[in-house]
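Predicted model only: the values in this text are computed from it and were never measured.
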Amino acid sequence: MKFTLQHKDPLSKARAAEIVTDHGVIHTPIFMPVGTAAAMKGIFHRDVKEEAKAQIILANTYHLYLRPGMDILEKAGGVHRFSTWEGPMLTDSGGFQVFSLADCRKLTEEGCHFRSHIDGSKHLFTPESVIDTERTIGADIMMAFDECPPGDAPRDYATKSLQLTERWLDRCFNRYHQTEPKYGHYQALFPIVQGCTYPDLRAHAAENVLQYKADGHAIGGLAVGEPTEVMYEMIEVVNAILPEDKPRYLMGVGTPSNILEGIERGVDMFDCVMPTRNGRNGQLFTWEGTINIRNKKWEDDFSPIDPSGTAFVDTLYSKAYLHHLVTCQEMLAAQIASLHNIAFYLRLVTAARQHIIAGDFKAWKDVAVTKLAKRL
RNA sequence: GUGGAUGUAGCUCAGUUGGUUAGAGUGACGGAUUGUGGUUCCGAAGGUCGUGGGUUCGAGACCCAUCUUCCACC
């Protein structure tokens with residue numbers, strides 16, 4: 001995997017770069033749509049690629065491990081061949097899922113015991129087993145197995161959690177170096193910087209991660225309940241330490257404004273369920289602000305969903321029709337809204353990249369953020 | 001025609017021996033959702049208790065009449 005820095009914004013930490021993987025090139029800053037079970041809910045991969053212009057998508061280790069299971073993925077020849085997505089992919093380690101299902105987990109030094117949310121069966125994830133699983137899935141970028149503590153974690157818990165995450169990280173990299181890719185393409189492993197909302201813990205975590213000379217670094221454990229300003233502060237602390245010549249990935253973030261603020265602070269990669277999950281619930285993102293298409297006010301608005309949109313759904317369908325589909329809970333509503341939203345998120349980061357290259361990112365961002373936060 | 005049931009929020013229904021401001025689910029309305037269980041949560045709105053009399057300090061509840069819908073029997 002090769003990371004090439006192309007442009008740096010003179011007035012901020014924003015940068016434009018290129019990541020080359022064995023499945024293709026990623027231009028950063030980039031947003032990565034989340035396809036948990038190796039599928040973008042309701043959207044054909046063809047449209048994810050051709051209409052939304054996604055360059056890399058996520059899948060989830062926890063979910064693929066439970067269904068269809070690793071025997072099937074191995075027989076399928078990995079997640080790319082199985083799902084027919086031929087572009088770059090990234091797998092989350094399942095750390096977040098294990099911890100977001102807190103009522104059915106038990107944490108030990110060895111790893112995490114948990115019960116399947118599907119059938120209640122018992123399982124154990126360890127740093128080693130997760131790396132093995134991610135090798136079998138075969139994504140271009142694998143994530144380390146970590147603990148993701150809540151946003152309001154007290155300091156003593158945050159400290160212990162970080163120490164465990166760091167011991168697990170060491171075991172992840174040991175296993176990573178002991179194993180080989182199964183399908184003939186390179187797989188990177190990104191460590192995840194934790195530390196909750198404590199600047200010194202974050203700084204320590206960022207320093208600790210450097211020893212692995214990884215292909216890229218992730219910032220995790222943010223947007224989990226802490227104030228937005230605190231999240232930005234943590235990004236600044238961490239990015240001051242993470243190397244400039246490697247991609248930085250802010251996990252699970254966020255709103256369009258969050259993403260632009262992250263880019264300004266030197267983040268290159270983002271993922272979030274917001275465009276797809278909120279789309280299924282009728283929230284549309286636009287340059288002018290967000291639209292709740294369920295609202296009665298749209299029932300007789302026959303203007304296009306997004307006149308400036310580039311996905312075919314944006315100008316083909318009216319707001320009134322989408323309002324009707326959402327009201328009727330038609331599957332098509334979720335499909336249209338999801339495709340619109342991920343297309344918008346990709347246009348958002350593409351615009352950011354163009355403005356970084358043009359040299360006017362900061363001024364553009366300040367104007368864009370105020371509009372994006374509006375509700376229409 | 002006779003007998004029996006029924007009527008409470010848009011819809012489906014609770015509502016104790018008569019006792020504070022008549023509740024729930026669902027829908028409709030609005031908000032939330034940040035490394036996805038096609039999810040979940042929150043808020044506010046919504047009532048002439050079929051109608052009219054009566055008994056009572058007090059009636060959604062008891063009595064009378066009447067109307068609605070349903071069932072059974074002639």
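Between A/F125 and A/F114, the ring planes are perpendicular. Angles over 60° get that label, and only those under 30° would be called parallel.
Residue A/D146 is in base contact, counting any heavy-atom pair closer than 4.0 Å across all strands shown. When heavy atoms are screened at a 4.0 angstrom cut-off, A/E299 is found touching no nucleic acid atom at all. Contact annotation for A/L90: no contact, since no heavy-atom pair falls under 4.0 Å across all strands. As judged by a 4.0 angstrom heavy-atom cut-off over every strand, A/N292 is placed among residues touching the sugar-phosphate backbone only.
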In dot-bracket, 5' to 3', how would RNA chain B read with Watson-Crick or G-U wobble pairs under 3.5 Å, [ ] for crossing ones and | for pairs to another strand? (((((.(..((((.....[...))))..((((.......))))......(((((..]....)))))).))))).
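Between A/E264 and A/K362, at least one side-chain nitrogen of the basic residue sits less than 4.0 Å from a carboxylate oxygen of the acidic one, meeting the salt-bridge criterion.
In this structure, the salt bridge (charged side-chain N to carboxylate O under 4.0 Å, His left out) partners of A/R155, at least two apart in sequence or on a different chain, are A/D200. Checked against ring pair (Phe, Tyr, Trp, His ring centres under 6.0 Å), A/W168 has the following partners two or more places apart in sequence or in another chain: A/F145. With sequence neighbours excluded, the residues forming a ring pair (Phe, Tyr, Trp, His ring centres under 6.0 Å) with A/H185 are A/H23, A/H80, listed by chain and number. Annotation: ring pair (Phe, Tyr, Trp, His ring centres under 6.0 Å) contacts of A/F285 (sequence neighbours excluded): A/Y345. With sequence neighbours excluded, no residue forms a salt bridge (charged side-chain N to carboxylate O under 4.0 Å, His left out) with A/E233.
Set against B/G37, B/G35, B/G30, the side chain of A/N295 has B/G30 as its closest nucleotide. In the set B/G38, B/G35, B/C29, the nucleotide with an atom closest to the side chain of A/K296 is B/C29. Here B/G31 is the nucleotide among B/G38, B/U34, B/G31 with the atom lying nearest to any side-chain atom of A/R375.
Rounded to whole Å, the C1' atom of B/C62 lies 8 Å from the corresponding atom of B/U55. Nucleotides B/U16 and B/G3 place their C1' atoms 30 Å apart, quoted to the nearest Å. Comparing B/U68 with B/U51, their P atoms sit 15 Å apart, to the nearest whole Å. Taking atom C1' on both B/U6 and B/C71, the two are 10 Å apart, rounded to the nearest angstrom. Straight-line distance between the C1' atoms of B/G50 and B/A5: roughly 16 Å, to the nearest whole Å. Of the C1' atoms belonging to B/G37 and B/C13, the separation is 31 Å, rounded to the nearest Å. Using atom C1' as the reference point in both B/U56 and B/C63, the two lie 12 Å apart (nearest Å). Atom name P, nucleotides B/A9 and B/A22: the rounded distance is 14 Å, in whole Å.
Between A/N341 atom CG and B/U34 atom P the separation is 15 Å, expressed in whole Å. The distance from atom CE of A/M143 to atom C1' of B/G35 is 8 Å, rounded to the nearest whole Å. The CD1-C1' distance, from A/I291 to B/G31, rounds to 17 Å in whole Å. At whole-Å resolution of the value, CG in A/D92 and P in B/U34 are 15 Å apart. As a whole-Å value, the separation of A/M32 CE from B/G35 C1' is 9 Å. One atom, CZ of A/F285, and another, C1' of B/A32, lie 12 Å apart when rounded to the nearest Å. A/R67 has its CZ atom 11 Å from the P atom of B/G37, to the nearest Å. Between the P atom of B/U34 and the CG atom of A/L58 lies a distance of 16 Å, rounded to the nearest Å.
In this structure, A/I57 is not a member of the same hydrophobic cluster as A/I19, with clusters built from ILVMFWY side-chain heavy atoms closer than 4.5 Å. Put simply, A/I26 and A/M142 are part of the same group of oily side chains (I, L, V, M, F, W, Y) that touch within less than 4.5 Å, one to the next.
Taking 4.5 Å as the limit, every side-chain heavy atom of A/C112 sits out of range of all side-chain heavy atoms of A/K106. Side-chain contact between A/M89 and A/V79: present, with at least one pair of heavy atoms (C-beta onward) separated by less than 4.5 Å. Using a 4.5 Å cut-off on side-chain heavy atoms (C-beta onward), A/D146 and A/Q194 make contact.
The backbone N or O of A/K297 lies less than 3.5 Å from no partner atom in the side chain of A/N295, so there is not a single donor-acceptor pair. Between the side chain of A/D268 and the main chain of A/P247, no donor-acceptor pair closer than 3.5 Å is present.
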Throw together a table of side-chain donor-acceptor distances under 3.5 angstrom for residues 38-51 of chain A, partners on residues two or more places apart or in other chains.
| unit_1 | atom_1 | unit_2 | atom_2 | d |
| --- | --- | --- | --- | --- |
| A/H45 | NE2 | A/S83 | O | 3.3 |
| A/E51 | OE1 | A/F312 | N | 2.8 |

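Residues from residues 219-242 of chain A placing a heavy atom under 4.0 Å of any atom in RNA chain B, listed by number, are A/G221, A/A223. Residues from residues 119-136 of chain A with heavy atoms under 4.0 angstrom of RNA chain B: there are none. Contacts of residues 248-255 of chain A with RNA chain B (heavy atom under 4.0 Å): A/M251, A/G252, A/V253, A/G254, A/T255.
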Polar pairs (N or O, both sides) under 3.5 Å between protein and nucleotides 39-41 of chain B?
| unit_1 | atom_1 | unit_2 | atom_2 | d |
| --- | --- | --- | --- | --- |
| B/U39 | O4 | A/N281 | ND2 | 2.3 |

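Counting only residues at least two apart or on different chains, the side chain to side chain donor-acceptor pair (under 3.5 Å) pairs with a member in residues 303-314 of chain A are A/D301-A/S303, A/S303-A/K319, A/D306-A/S308, A/D306-A/R347, A/D314-A/H340.
Taking CG of A/D9 as the start and NE2 of A/H355 as the end, the distance is 11.5 Å to the nearest 0.5 Å.
Checked options A/K8, A/K13, A/R15; the residue passing with A/E244 is A/K8 (criterion: salt bridge (Lys or Arg N to Asp or Glu O under 4.0 Å)).
Nearer the 5' end of RNA chain B, as judged by each residue's closest nucleotide, is the contact made by A/Q194, out of A/Q194 and A/M331.
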